[in-house]
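Notes to accompany the following structure.
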Protein chains: 2
Amino acid sequence: MKEKEQLCQFKLMASRDALEVIQGKWRIPIIISLTYGNRRFGEIQRDIADISPKMLSQELKALEEYKIVSRRLHDSMPVAVEYSLTTLGHSLHGLLDELLNWGVHFRNEIVSNNNN
Amino acid sequence: MKEKEQLCQFKLMASRDALEVIQGKWRIPIIISLTYGNRRFGEIQRDIADISPKMLSQELKALEEYKIVSRRLHDSMPVAVEYSLTTLGHSLHGLLDELLNWGVHFRNEIVSNNNN
DNA sequence: TATAGCAGTTACCCAAAAGTAACTGCTTAC
DNA sequence: GTAAGCAGTTACTTTTGGGTAACTGCTATA
């Protein structure tokens, strides 16, 4: 079964590509916040109660580089910055959905399985 | 829109639950290897070419604690150990699928988008 | 004119994650 | 009897991720 092994290797590579982008404590939460519409820096910070401005800024920059998030600067005075998901960012929708569903499923399992 | 905000908070929690389990460089790859059937320690190690025995052992233990993986010891002589996915482990199938699809999608996007 | 809000940045520190290398005890095959 | 494969473990080091606190420059509001 050489085919099977090649498929396995292919999947391993694909998973690495994906993980490279979404890895870390804050990226998924940031993306989730942005699925609720365009958001300002401070708004995201309020959504994700325990993120520091340093981490938010750092991770937003990373997500921008991966073309997941776009940053629009409105040249009003006091600077207003608007973050939003790109098309590529929105393409994470299905993955996010599965992640959330599984998160809920997992919590139910561990709560109910005092048996086992 | 108080509802919207509560839903957002709910999703943030669910994502944390899920991430706690699948976070890290090696867990997803290990789970992928195990979707190809029950596997011995050495087989997983060969699937995932660059994992060290230390990391494999450590992550398998963690996945066992989360009830994602089960370890069966055959008391033959030379010890044979068989790892497999639990039901909970198999329930990650949909998530893995989305992850892999997105990984492929992402790679295609960044390869083709020399424009932008 | 002092305070608060906007959108961050900077320097410093610590803990966790991961890598490296060597070693274990067991058995079978050469 | 020596090498190789099984399934790991141990000690040590490096790297990275993330936390904390203080600070920036700008503006609107009280």
Side-chain angles (χ1 to χ4, degrees), chain A residues 12 15-34 36-66 68-85, chain B residues 12 15-34 36-66 68-85:
Chain A
L12 288 171
S15 75
R16 286 199 189 200
D17 288 343
L19 286 175
E20 193 194 322
V21 178
I22 62 166
Q23 198 67 277
K25 192 174 176 183
W26 299 117
R27 294 189 188 170
I28 293 283
I30 290 168
I31 294 164
I32 290 175
S33 169
L34 288 172
Y36 284 88
N38 299 7
R39 266 179 164 44
R40 314 273 298 265
F41 190 91
E43 291 182 297
I44 305 175
Q45 216 180 158
R46 262 169 264 125
D47 274 350
I48 309 171
D50 51 353
I51 196 172
S52 66
K54 175 198 145 189
M55 289 308 295
L56 181 52
S57 159
Q58 178 185 303
E59 296 307 89
L60 280 169
K61 273 179 195 162
L63 290 171
E64 241 193 293
E65 275 187 18
Y66 286 122
I68 303 297
V69 160
S70 82
R71 179 182 192 270
R72 180 148 59 252
L73 182 72
H74 299 270
D75 61 339
S76 51
M77 271 308 160
V79 272
V81 182
E82 205 179 37
Y83 292 94
S84 57
L85 291 180
Chain B
L12 288 171
S15 75
R16 286 198 188 201
D17 288 343
L19 286 175
E20 192 193 322
V21 178
I22 62 166
Q23 198 67 277
K25 193 176 178 181
W26 299 115
R27 293 189 188 171
I28 293 284
I30 290 169
I31 294 165
I32 289 174
S33 170
L34 289 171
Y36 283 88
N38 297 7
R39 267 180 161 45
R40 314 272 299 266
F41 191 92
E43 292 181 297
I44 305 175
Q45 215 180 159
R46 262 169 264 123
D47 275 351
I48 308 170
D50 50 353
I51 196 172
S52 67
K54 176 199 145 190
M55 288 309 293
L56 181 52
S57 159
Q58 177 184 303
E59 296 307 89
L60 280 169
K61 273 177 195 161
L63 290 171
E64 243 192 293
E65 273 187 20
Y66 285 121
I68 303 297
V69 161
S70 81
R71 181 184 190 268
R72 181 149 56 253
L73 182 73
H74 299 270
D75 61 339
S76 52
M77 272 307 161
V79 272
V81 182
E82 206 180 37
Y83 292 92
S84 57
L85 291 180

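Proteins come first, then strands; the chains are lettered A, B, ... in the order of their sequence lines, and each starts at number 1.
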Interatomic spacing from [atom1] in [X] to [atom2] in [Y] - rounded to 0.5 Å:
X	Y	atom1	atom2	answer
A/I30	A/L85	CD1	CG	11.0 Å
B/E82	B/E43	CD	CD	8.5 Å
A/S52	A/W26	OG	CH2	7.5 Å
B/I68	B/Y83	CD1	OH	15.5 Å

request  = Give the angle between the helix axes at the two ends of the helix from C/dT1-D/dA30 to C/dC30-D/dG1, taking five base pairs at each end and rounding to 10°.
outcome  =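 Here the helix ends are tilted 10° relative to one another.
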[atom1] of [X] versus [atom2] of [N]: gap in Å, rounded?
X	N	atom1	atom2	value
A/D50	D/dG18	CG	P	12 Å
A/H74	C/dC6	NE2	C1'	13 Å
A/R16	C/dA18	CZ	C1'	13 Å
B/E20	C/dA17	CD	P	11 Å
B/Q45	C/dT20	CD	C1'	14 Å
A/D47	C/dA7	CG	P	13 Å

message = Once you apply a heavy-atom cut-off of 4.0 Å, does A/R46 come out as touching a base, just sugar-phosphate, or nothing?
response =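 Touches sugar-phosphate only.
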Nucleic acid contacts of residues 24-31 of chain A, taken as heavy-atom distances under 4.0 Å to DNA chain D =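 Residues of residues 24-31 of chain A under 4.0 Å from DNA chain D: A/G24, A/K25, A/W26.
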ask   = Looking at residues 51-61 of chain B, who's got a heavy atom less than 4.0 Å off DNA chain D?
value =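 When residues 51-61 of chain B is checked for heavy atoms under 4.0 Å from DNA chain D, the hits, listed by number, are B/P53, B/K54, B/S57, B/K61.
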In residues 53-60 of chain B, what donor-acceptor pairs under 3.5 Å come from side-chain atoms, sequence neighbours left out?
residue, atom, partner, partner atom, Å
B/E59, OE2, B/R27, NE, 3.0

query = Does B/R46 have any salt bridge (charged side-chain N to carboxylate O under 4.0 Å, His left out) partners at least two apart in sequence or in another chain, and if so, which?
reply =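 Per chain and number, B/R46 pairs via salt bridge (charged side-chain N to carboxylate O under 4.0 Å, His left out) with no residue.
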inquiry  = Going by the rule side-chain hydrogen bond (donor to acceptor under 3.5 Å, both in side chains), which residues pair with B/S15 if we only count those two or more places apart in sequence or in a different chain?
reply    =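 So B/S15 forms no side-chain hydrogen bond (donor to acceptor under 3.5 Å, both in side chains) with any residue.
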Minimum side-chain heavy-atom gap [X]-[Y] below 4.5 Å:
X	Y	value
A/Q23	B/Q23	yes
B/K25	A/L19	no
A/L34	A/L63	no

request  = Evaluate the criterion side chain to side chain contact (heavy atoms under 4.5 Å, CB included) for residue pair B/V21 and B/D17; output intermediate values, then yes/no.
outcome  = CA-CA 7 Å; B/V21 178; B/D17 288 343; over 6 Å; no
inquiry  = Using heavy-atom distances to pick each residue's nearest nucleotide on DNA chain C, tell me which of A/Y83 and B/Q23 is more 5'.
reply    =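 The answer here is A/Y83.
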query = Would you say C/dA7 has OP1 or OP2 under 4.0 Å from some side-chain N or O of A/R40?
reply =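 Answer is yes, contact under 4.0 Å.
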